[in-house]
Amino acid sequence: MIPSCQKLARSSRVIYNFAVANQTRYSSSQLQYYQSLRIHKDKTIPSILNNLLINHILKYDWVVDQGPKLFDLLYAICGTRLSNFLINQTIGKVFTAGENIESVERYLSSSNNKISYIIDYCSEAVEGIDDCEKFYDENSSVFRQTVLECAKKPEKKNMIAIKVSSLIDMNLLKQINKARLNIFELFYKISQGKQTINIQQVFNYLQEQGINLNENEQKQFIKDVLKFNKNESQIDEITWRYRVQPIFMFETELNKNPAIKYFNNLNDKQLFLFEQFIERIKYFMDPALQNQICVMVDAEQTYLQWAIDSFSEQMESYYNQNQTLVFNTFQSYLRQTKNRVDYEIAKAEMFKLNIGIKMVRGAYMVEETKLAKEQNKENPINDGYEATTAMIQRNLEKLILNIRKSPTKVFVASHNEQTVEFVKEVMNRHSIPNQGDVLFAQLYGLSDHVTYQLASEGYKIYKYVPFGKTEIMIPYLMRRAQETKKVLQSSSLQTLLLIDELKYRFYLK
């Protein structure tokens with residue numbers, strides 16, 4: 001054997017032995033079961049080797065932490081075309097299905113029959129785009145293509161995922177986010193610790209701010225914004241939060257009401273941009289409704305999330321009338337998620353809503369912590385891994401129990417095997433069927449053994465299939481690198497199974 005091959009063989013044995021040694025939480029029978037699944041049997045040998053290489057590199061903290069700088073250095077040295085090629089052929093192959101919808105089609109055509117898929121075009125807000133409105137229009141068009149791709153195989157019940165920030169001006173989104181927080185604060189200011197406020201208190205407050213509603217405008221606010229009957233006057237917090245939106249997507253005539261104009265403080269140009277945003281949403285949501293394709297609204301940074309929640313609520317109200325098509329996403333590493341989940345449950349019961357919630361640990365921890373420090377604010381992140389685990393378990397159990405009370409779909413998007421086992425135990429304890437209201441998902445390239453085990457056990461399981469142009473995929477790839485580091489540092493089973501597959505190919509097993 002030539003020296004380079006001897007070195008490769010020795011390295012492979014070291015990695016394999018390390019992987020085996022780190023599987024102390026798996027019994028021998030569990031390992032044999034995972035090995036028998038051969039979950040990587042459809043991968044080519046170069047693909048397996050690339051997977052092993054990327055997984056090994058991402059174990060090093062400094063690589064992940066310096067990732068943006070390394071990408072910048074790569075582009076500076078190699079230029080755009082070569083850099084894109086190198087990224088696509090290495091880390092891109094591990095965590096994405098390619099650059100366009102055609103590459104997704106090829107992947108889905110050879111996919112596992114027991115697994116459904118969430119097509120995720122990974123476009124999001126990017127600084128420095130020359131023609132932002134054209135960028136947003138193009139994103140809407142791609143989301144529509146993903147809906148139509150899912151519609152080709154209705155029996156699979158494939159879904160799509162979207163990012164709101166890829167469809168609307170970032171400054172406008174931030175302003176709507178701030179407006180929604182101000183609406184929440186207004187209730188607390190008026191209520192002075194009481195459970196309810198009355199309509200006249202709202203009008204009096206607005207009058208103090210110089211906003212005088214005439215009789216017709218007051219009637220519109222009561223009847224069309226609050227949706228109150230003639231004799232109703234008391235407003236509780238749930239009703240206030242749900243009914244009083246900073247700006248309306250599907251009842252746009254309400255945006256002319258002086259109270260709503262005061263809340264959002266948008267100028268004519270911003271209102272026009274918002275109307276464009278609504279058209280982009282309808283462009284892919286209308287065929288989604290027609291074809292019964294579910295849409296996952298991804299979570300984003302806290303300085304955008306309250307606006308995104310507002311849009312998700314309105315989309316749920318409009319599109320979820322007879323079924324659950326729109327899902328909102330909650331990040332359990334945030335302290336506020338407990339209260340948000342409680343609000344969702346109370347809202348669903350009060351207004352008889354079909355709600356869909358995807359529960360994740362979260363993807364913006366590093367950015368959120370850094371931002372809080374820079375702004376000298378309290379860190380919105382939970383105090384450690386255990387606190388987040390407790391949060392996600394508490395929230396998931398509450399949501400699963402709520403299935404008995406009101407129409408609720410719960411999406412468990414987790415690579416954490418303890419979380420998955422916890423959900424299965426809760427479902428078993430409360431006799432929740434494993435093909436209906438509780439669904440599971442993992443990301444492309446991560447925790448395939450969890451995905452295949454859930455599929456073999458009869459659970460409804462999805463795999464996220466991200467795709468997109470290389471330049472816009474880099475923020476996504478960096479978040480996946482952060483997450484992969486945590487997954488790989490806690491378990492080397494993925495490495496073991498990849499090397500196991502190589503042994504099968506070379507008749508060593």
Going by distance alone, is a donor N or O of one side chain under 3.5 Å from an acceptor N or O of the other, for [X] and [Y]?
X    : Y    : result
S310 : Q314 : yes
S116 : K460 : yes
R280 : S141 : no
E300 : Y364 : no
K409 : T324 : no
S406 : N402 : yes
Q245 : E313 : yes
Q442 : S447 : no
E368 : T302 : yes
N55  : T495 : no
Y385 : N416 : yes
E99  : T470 : yes

Closest non-hydrogen atom pair between [X] and [Y], with its separation:
X    : Y    : answer
E344 : I355 : O-CD1, 4.0 Å
A299 : T329 : N-CB, 3.5 Å
E501 : R505 : OE2-NE, 2.8 Å
F411 : A441 : CE2-CB, 3.3 Å
I308 : D298 : CG2-O, 4.2 Å
I91  : I54  : N-CD1, 3.8 Å

Would you confirm whether [X], through its side chain, and [Y], through its main-chain N or O, come within 3.5 Å as a donor-acceptor pair?
X    : Y    : value
S103 : A97  : yes
N139 : L167 : no
S140 : D137 : no
T337 : Q331 : yes
Q494 : G445 : yes
R180 : R241 : yes

Decide yes or no for [X] and [Y]: does some side-chain heavy atom of the first lie under 4.5 Å from some side-chain heavy atom of the second?
X    : Y    : answer
D448 : K43  : yes
D169 : C132 : no
V94  : L58  : no
Y504 : K41  : no
I403 : H430 : no
Y75  : N84  : yes
V412 : F422 : no
L502 : L52  : yes

Pair [X] + [Y], salt bridge at N-O below 4.0 Å:
X    : Y    : result
E367 : K370 : no
R38  : D500 : no
E102 : R106 : no

How long is the span from the [atom1] atom in [X] to the [atom2] atom in [Y], to the nearest 0.5 Å?
X    : Y    : atom1 : atom2 : answer
I162 : T146 : CD1   : OG1   : 9.5 Å
I381 : M365 : CD1   : CE    : 5.5 Å
S123 : F143 : OG    : CZ    : 6.0 Å
N354 : S317 : CG    : OG    : 10.5 Å
K156 : N113 : NZ    : CG    : 5.5 Å
L454 : K114 : CG    : NZ    : 12.0 Å

Decide yes or no on salt bridge (Lys or Arg N to Asp or Glu O under 4.0 Å) for R404 and D437, but give the supporting numbers first.
CA-CA 10 Å; R404 298 295 190 202; D437 298 316; over 6 Å; no
Test log, rule side-chain contact (heavy atoms from CB on, under 4.5 Å), inputs I168 and F274:
CA-CA 7 Å; I168 186 172; F274 186 75; 4.3 Å; yes
Would you please name every residue forming a ring pair (Phe, Tyr, Trp, His ring centres under 6.0 Å) with Y318, sequence neighbours left out?
F250
Got a list of side-chain donor-acceptor pairs under 3.5 Å for residues 281-294, not counting sequence neighbours?
unit_1 : atom_1 : unit_2 : atom_2 : d
D286   : OD1    : Y319   : OH     : 3.1
N291   : ND2    : P287   : O      : 2.8
Q292   : NE2    : L289   : O      : 2.9

Give the C-alpha distance, both sets of side-chain angles, the deciding distance and a yes or no for side-chain contact (heavy atoms from CB on, under 4.5 Å) between L37 and H449.
CA-CA 8 Å; L37 292 175; H449 62 287; 5.9 Å; no
For F85, I'd like to know if atom CZ has over 12 heavy atoms of other residues, nucleotides or ligands within 6.0 Å.
no
Counting only heavy atoms not in K347 (residues, nucleotides, ligands), do more than 12 fall under 6.0 Å from its NZ?
yes
Member of Y464, Y452, Y459, Y462 meeting the ring pair (Phe, Tyr, Trp, His ring centres under 6.0 Å) criterion with F440
Y459
Would L497 and Q35 count as a side-chain contact (heavy atoms from CB on, under 4.5 Å) here? Give the steps.
CA-CA 6 Å; L497 295 177; Q35 290 168 329; 3.9 Å; yes
Quick one, I119 with C150, criterion side-chain contact (heavy atoms from CB on, under 4.5 Å). Give me CA distance, side-chain angles, the key distance, then yes/no.
CA-CA 8 Å; I119 305 178; C150 290; 3.8 Å; yes
Result for side-chain hydrogen bond (donor to acceptor under 3.5 Å, both in side chains) between R335 and one of N382, N379, D383 points to D383
Could you tell me whether Y107 and Y444 have their ring centroids closer than 6.0 angstrom?
yes
